[in-house]
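Order of the sequence lines fixes the chain letters, A, B, ..., with proteins taken first and strands second; residue numbering starts at 1 for each chain.
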Protein chains: 2
Amino acid sequence: MRYHRIPDETVRRLPIYLRALLFAADQGQESISSRDLADFVGVNPWQIRKDFSYFGEFGTRGVGYDIYELAQQIKKILKLDVTKQAALVGVGNLGSAILAYPDLRMFGLDITAVFDVNPRKIGRKVGDVEIESVSRLRTLERRKINLAIIAVPRNAAQKVAEALVRAGVMGILNFSACYITVPRRVKVITIDIATDLARLPYYVPTR
Amino acid sequence: MRYHRIPDETVRRLPIYLRALLFAADQGQESISSRDLADFVGVNPWQIRKDFSYFGEFGTRGVGYDIYELAQQIKKILKLDVTKQAALVGVGNLGSAILAYPDLRMFGLDITAVFDVNPRKIGRKVGDVEIESVSRLRTLERRKINLAIIAVPRNAAQKVAEALVRAGVMGILNFSACYITVPRRVKVITIDIATDLARLPYYVPTR
DNA sequence: CTATGTGAATTTATTCACAGCA
DNA sequence: TGCTGTGAATAAATTCACATAG
């Protein structure tokens, strides 16, 4: 097969597969079939096989996939094979929740810079990183941090995004409930809790 | 046009449009064109027109959409026209962040039941709801609450989901980093922060 | 005999192009 | 003339069916 572009939807699922694989490896498993993996993450086996087929042949017919090898491959595809530093802006409840997330490390992601506007928070330590003033966002450039998480109130989000982009940030995970405008080269993934919750009633039958 | 099923992707965008419309209404605007709305939420105008066309004709050619009327319609489609109660399970940082979310009210969503396992939290009040023991999840049934948010650690998620389903919950917003198994009739939307962040590096050019 | 890998078929979603109405 | 509404065209994603390899 000629390997062209990996579909976005496949890229979206890859980290989910990766987590499952790392979990299985942790349980001492060495190989897994598309069916078992499928059951574990809640998709169909053929979806999984198709997803993997976009970037190679990793399975052994009659057996399944070698967990370690496959996990390595996925990490490589996702560029998670070398640890990536990320910045967090906004240390409210949400920001704190993100900092406490254990899974990030497992994905080779490390939040090594944390910012807030609140003078009372600045200087305090969370884990082993110190909260800095947002006025120092520009330092991200020389610290070579080009991923960031925005967890600030809506009205501050666009400004923060612009500061991040000026500091050379190329990927943003945006938790603020608004659309943020950035240059095309910057990738933004928005997580909008309220709109996700708001579409739930649609699917629930009204008694 | 014959109105058949509304595509899932359209349903996903409707709450986003709705928020923009409510915001515009708040600014005193009375009508809006597909182009202006598009700019505001970051999609194309024809996408918006197509989305709306799935459930009716609400615009005035040469003018645009009546904001109030369109917002009403979207609320109705999404079943947000009557206030829906929701339960929250897990009052950690994430749970607290969700409780503090102002947007939920605007979507006609009201978190009126909050649960935790921690005895030290039980009985405490957040806003004007009291934190209850998870052992009381079953009471959701007679309280007629059939939407719930799971914000507990991964290892507790499946158990909580099952308790929720037993209590008659039909829609779940799952923040736990795992796939939860529920009967087909129950709709689950999963928000997985780590996997969303983990796919960012893929899109960021490596220098 | 089991489980992968993949073209082909199908379904779903997006984009286009323009007719139609205010 | 301006902006909506929508069939038709295109693109993307999923599902199927089965050849193929261990």
Could you tell me the separation between the [atom1] atom of [X] and the [atom2] atom of [N], rounded to a whole number of Å?
| X | N | atom1 | atom2 | answer |
| --- | --- | --- | --- | --- |
| R5(B) | dT11(C) | CZ | C1' | 10 Å |
| I48(B) | dT15(C) | CD1 | P | 12 Å |
| L14(A) | dA13(D) | CG | C1' | 14 Å |
| Y54(A) | dT14(D) | OH | C1' | 8 Å |
| D51(B) | dT14(C) | CG | C1' | 10 Å |
| N44(B) | dT15(C) | CG | C1' | 8 Å |
| R12(A) | dA12(D) | CZ | P | 17 Å |
| Q47(A) | dA12(D) | CD | C1' | 12 Å |

Taking the side chain of [X] as its heavy atoms from C-beta onward, which of [options] lies nearest to it?
| X | options | value |
| --- | --- | --- |
| W46(A) | dT14(D), dC16(D), dT6(D) | dC16(D) |
| K50(B) | dG5(C), dT6(D), dT14(D) | dT6(D) |
| R13(B) | dT14(C), dA13(D), dT15(D) | dT14(C) |
| E57(A) | dA13(D), dT14(C), dT6(C) | dT6(C) |
| D8(B) | dT14(D), dT15(C), dA13(C) | dA13(C) |

>> Does the plane of the ring in F52(A) sit parallel, tilted or perpendicular to the ring in Y65(A)? Use 30° and 60° as the thresholds.
In response: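 Aromatic pair F52(A)/Y65(A) classed perpendicular.
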So, taking the atom named [atom1] in [X] and the one named [atom2] in [Y], what distance separates them when rounded to the nearest 0.5 Å?
| X | Y | atom1 | atom2 | value |
| --- | --- | --- | --- | --- |
| L200(B) | L109(A) | CG | CG | 8.5 Å |
| Q158(A) | I150(A) | CD | CD1 | 8.5 Å |
| T195(B) | R13(A) | OG1 | CZ | 12.0 Å |

> Of all of residues 26-35 of chain A, which get a heavy atom below 4.0 angstrom from DNA chain C, listed by number?
Replying inline: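 Correct list: S33(A), S34(A).
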Does atom [atom1] ([X]) have a neighbourhood of more than 12 heavy atoms from anything else shown, all under 6.0 Å?
| X | atom1 | answer |
| --- | --- | --- |
| Q29(A) | CD | yes |
| R154(B) | CZ | yes |
| R138(A) | CZ | no |

> Of the options T10(B), I48(B), L22(B), I32(B), which is the one that meets Y17(B) in a side chain to side chain contact (heavy atoms under 4.5 Å, CB included)?
Replying inline: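 The side chain to side chain contact (heavy atoms under 4.5 Å, CB included) with Y17(B) is passed solely by I48(B) among T10(B), I48(B), L22(B), I32(B).
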>> Q73(B): which residues meet the side chain to side chain donor-acceptor pair (under 3.5 Å) condition with it, sequence neighbours left out?
In response: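 For Q73(B), no residue satisfies side chain to side chain donor-acceptor pair (under 3.5 Å) once neighbours in sequence are set aside.
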> Looking only at side-chain N and O atoms, does R49(A) come under 4.0 Å of OP1 or OP2 in dT4(C)?
Replying inline: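 For R49(A), the contact criterion (side-chain N or O under 4.0 Å from OP1 or OP2 of dT4(C)) is met.
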>> I need the residues from residues 59-75 of chain A with at least one non-hydrogen atom less than 4.0 Å from DNA chain D; give them sorted by number, or say none.
In response: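 Hits under 4.0 Å, by residue number: T60(A), R61(A).
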